[in-house]
A.B. asks: 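Before I ask anything, here is the structure I am working with.
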Amino acid sequence: MIGLIFIGLMSTISCNNNNDDMQVPQSMKTERIEHLVLFKFKPTVTEQQRQEVVNRFMALRNSLKDGKTYLKVEYGFQNSMEDVKGNYDVGFRVTFNSLEDRDYYVGKIDGQPTPAAFDPMHDDFKNFVGPFLDVDDPATGGVLVFDYKSNEGGTGSVPETGYRLDHWVLFKFKPGISEAQKQEVVNRFLDLKNGKKDGKTYIPFIEFGYQNSKEGVARGYDIAFRASFTSKADRDYYVGKPFLNDPGTFDPLHDAFKNFVGSFIDIDPQPTKGVLVYDYEVKKQ
């Protein structure tokens, strides 16, 4: 049973990078901050109320800073096949061009001084959404926020149009893991861009970053990876075992990575198990 749980746990990983972006000098890259928000609703919350939460969150893309819109928002509902997908109901991806913009958006944090300037629209949303979240759920706490500065900077993002399925993987490293070992995990993850399906690379984009949220609800995760796929079939091929086992139906490079990374991940703590996967078909409303 432990072995099966571990296989399911490791089936969660994804990876790739954008080859075109690798040609852009680091000095020319602009900053991009990723802000992942996952919500777990109370059991009593109705579909109408859930939709209202989505509508109100998506309206934040109209927020202004210095008279200009300053963020982008996408969302999607969990569709991962994996055992470590958690209990979150809906996820939102917010992107900023700087940490300053992210801090303006985050605004007030309980127990900290009120910032001189903050986004009043987001502040209103935080007051609105609280009663709908299942804060007593031990597995989720009702909300997870994970922020990072993308290694891709402001370049290298996937196309803005067409179908896209995003696959997020969050890891908590074992205590005592060295910086060199963490970097090896990153390197091996990024090398998955070389994975082949029908003789061709099939993962158009991957990025990663270390947790830098100020909100205190990252649930102990240290690092996140985001991979994008242009079809559900490609995501399924990538996930592979234990769902797809016949040769040619799964990515052997990713399968080898899953076997490699297990010794670095803290699978003991309850209830997170050291890995979280959140997949969704991207919706921009």
A.B. asks: Any side-chain heavy atom of P115 sitting closer than 4.5 Å to one from D103?
C.D. replies: no

A.B. asks: Kindly indicate whether the side chain of V90, heavy atoms from C-beta on, has any atom under 4.5 Å from the side chain of F57.
C.D. replies: no

A.B. asks: Give a yes or no on whether N97 atom CG has more than 12 heavy-atom contacts from other residues, nucleotides or ligands under 6.0 Å away.
C.D. replies: no

A.B. asks: Who passes ring-ring contact (aromatic ring centres under 6.0 Å, His included) against Y237, sequence neighbours left out?
C.D. replies: Y202

A.B. asks: Would you indicate whether the side-chain heavy atoms of I177 and V185 approach each other to under 4.5 Å?
C.D. replies: no

A.B. asks: Measure the CG-CZ distance between D166 and R226 for me, rounded to the nearest 0.5 Å.
C.D. replies: 4.5 Å

A.B. asks: Decide ring pair (Phe, Tyr, Trp, His ring centres under 6.0 Å) for F96 and Y105; before the verdict, give the C-alpha distance in whole Å, the side-chain angles of both, and the deciding distance to 0.1 Å.
C.D. replies: CA-CA 9 Å; F96 306 94; Y105 165 88; 5.1 Å; yes

A.B. asks: Could you go through D246 and T249, starting from their C-alpha distance and side-chain angles, then the distance that decides it, and tell me whether this counts as side-chain hydrogen bond (donor to acceptor under 3.5 Å, both in side chains)?
C.D. replies: CA-CA 6 Å; D246 294 335; T249 65; 5.5 Å; no

A.B. asks: Side-chain contact test, heavy atoms from C-beta onward, threshold under 4.5 Å: evaluate it for V45 versus D89 and give yes or no.
C.D. replies: no

A.B. asks: Within the side chain of N151, is there an N or O that forms a donor-acceptor pair under 3.5 Å with the backbone of F208?
C.D. replies: yes

A.B. asks: Cation-pi check for F41 against R50: NZ or CZ below 6.0 Å from the six-membered ring centre and within 45 degrees of the axis, yes or no?
C.D. replies: no

A.B. asks: Measuring only between side-chain heavy atoms, which start at C-beta, is Y210 closer than 4.5 Å to K182?
C.D. replies: yes

A.B. asks: Is F118 reachable from M121 through a run of hydrophobic residues whose side-chain heavy atoms are each under 4.5 Å from the next?
C.D. replies: no

A.B. asks: Is there a path of hydrophobic side-chain contacts, each under 4.5 Å between heavy atoms of I/L/V/M/F/W/Y residues, joining L190 to V261?
C.D. replies: yes

A.B. asks: On a heavy-atom basis, which atom in E215 and which in V106 lie closest, and how many Å separate them?
C.D. replies: OE2-CG2, 3.5 Å

A.B. asks: If you count every heavy atom of other residues, nucleotides or ligands that lies below 6.0 Å from N55 atom CG, does the total exceed 12?
C.D. replies: yes

A.B. asks: Return the set of residues passing side-chain hydrogen bond (donor to acceptor under 3.5 Å, both in side chains) with K197 (not counting sequence neighbours), or none when no residue passes.
C.D. replies: D234

A.B. asks: Does V129 have any side chain to side chain contact (heavy atoms under 4.5 Å, CB included) partners at least two apart in sequence or in another chain, and if so, which?
C.D. replies: F39, V53, F125, L133

A.B. asks: Look at the side chain of H35 and the backbone N and O of V94, then say whether any donor-acceptor pair between them is shorter than 3.5 Å.
C.D. replies: no

A.B. asks: When you look at E74 and Y280, which way does the side-chain hydrogen bond (donor to acceptor under 3.5 Å, both in side chains) test go after all the steps?
C.D. replies: CA-CA 10 Å; E74 301 174 340; Y280 59 91; 4.5 Å; no

A.B. asks: Measuring from atom NE2 of H122 to atom CG of L60, what distance do you get when rounded to the nearest 0.5 angstrom?
C.D. replies: 6.0 Å

A.B. asks: When rounded to the nearest 0.5 angstrom, what distance separates CG in L253 from NZ in K193?
C.D. replies: 10.0 Å

A.B. asks: Using the six-membered ring wherever Trp is involved, compare the ring planes of F260 and F264 and label them parallel, tilted or perpendicular (cut-offs 30° and 60°).
C.D. replies: tilted

A.B. asks: Are F250 and M81 connected in the hydrophobic side-chain network, where two residues link if heavy atoms are under 4.5 Å apart?
C.D. replies: no

A.B. asks: Kindly indicate, with the supporting measurements, whether the criterion side chain to side chain contact (heavy atoms under 4.5 Å, CB included) is fulfilled by L36 and Y148.
C.D. replies: CA-CA 9 Å; L36 175 67; Y148 63 84; over 6 Å; no

A.B. asks: Supply the atom-to-atom distance K85 NZ to N79 CG, rounded to the nearest 0.5 angstrom.
C.D. replies: 9.0 Å

A.B. asks: Identify the two heavy atoms, one from D251 and one from G195, that lie closest to each other, and give their separation to 0.1 Å.
C.D. replies: OD2-CA, 3.7 Å

A.B. asks: Would you confirm whether K42, through its side chain, and P131, through its main-chain N or O, come within 3.5 Å as a donor-acceptor pair?
C.D. replies: yes

A.B. asks: Answer yes or no: does atom CD of E100 have more than 12 heavy-atom neighbours from other residues, nucleotides or ligands under 6.0 Å?
C.D. replies: no

A.B. asks: Any chance you could lay out the side chain to side chain contact (heavy atoms under 4.5 Å, CB included) test for R93 and W168, step after step, and finish with the verdict?
C.D. replies: CA-CA 10 Å; R93 174 188 171 226; W168 292 76; 3.9 Å; yes

A.B. asks: Side-chain heavy atoms under 4.5 angstrom apart, residues restricted to Ile, Leu, Val, Met, Phe, Trp, Tyr: same cluster for F128 and L71?
C.D. replies: yes

A.B. asks: Under the rule for salt bridge (Lys or Arg N to Asp or Glu O under 4.0 Å), what residues qualify as partners of K196, not counting sequence neighbours?
C.D. replies: none

A.B. asks: Provide the closest heavy-atom pair for S228 versus P204 in the form atom of the first, atom of the second, distance.
C.D. replies: O-CD, 2.9 Å

A.B. asks: Using the salt bridge (Lys or Arg N to Asp or Glu O under 4.0 Å) rule, collect all pairs that involve residues 118-134, keeping only residues at least two apart or in two chains.
C.D. replies: K40-D134, K108-D123

A.B. asks: Please check if the side chain of R32 supplies one atom and the backbone of G153 the other of a donor-acceptor pair under 3.5 Å.
C.D. replies: yes

A.B. asks: Please name the pair of heavy atoms, one in V145 and one in Q211, separated by the smallest distance, quoted to 0.1 Å.
C.D. replies: O-OE1, 4.3 Å

A.B. asks: Can you tell if the side chain of F243 reaches within under 4.5 Å of the side chain of D236, non-hydrogen atoms only?
C.D. replies: no

A.B. asks: Does the side chain of V143 reach to within under 4.5 Å of the side chain of R219, using non-hydrogen atoms?
C.D. replies: yes

A.B. asks: Tell me the closest heavy-atom pair linking L144 and L276, and the distance in Å.
C.D. replies: CD1-CD2, 3.9 Å

A.B. asks: Please name the pair of heavy atoms, one in P175 and one in D266, separated by the smallest distance, quoted to 0.1 Å.
C.D. replies: CD-OD2, 3.7 Å

A.B. asks: Whether the side chain of N259 engages the backbone of A256 through a donor-acceptor N/O pair (distance < 3.5 Å, no angle test) should be reported.
C.D. replies: no

A.B. asks: Side chains of F92 and Y75, heavy atoms from C-beta outward: is any pair under 4.5 Å?
C.D. replies: yes

A.B. asks: Using the ring centroid of each side chain, check whether Y278 and Y88 are separated by less than 6.0 Å.
C.D. replies: no

A.B. asks: With rounding to the nearest 0.5 angstrom, report the NZ to NZ distance, K241 to K258.
C.D. replies: 7.5 Å

A.B. asks: Got a sec, which residues hit side-chain hydrogen bond (donor to acceptor under 3.5 Å, both in side chains) with Q112, two or more places apart in sequence or on another chain?
C.D. replies: none

A.B. asks: Check for a donor-acceptor pair, side chain of Q78 on one end and backbone N or O of D279 on the other, with a separation under 3.5 Å.
C.D. replies: yes

A.B. asks: Within this structure, what is the CZ-CD distance for the pair R235 and E281, rounded to the nearest 0.5 Å?
C.D. replies: 8.0 Å

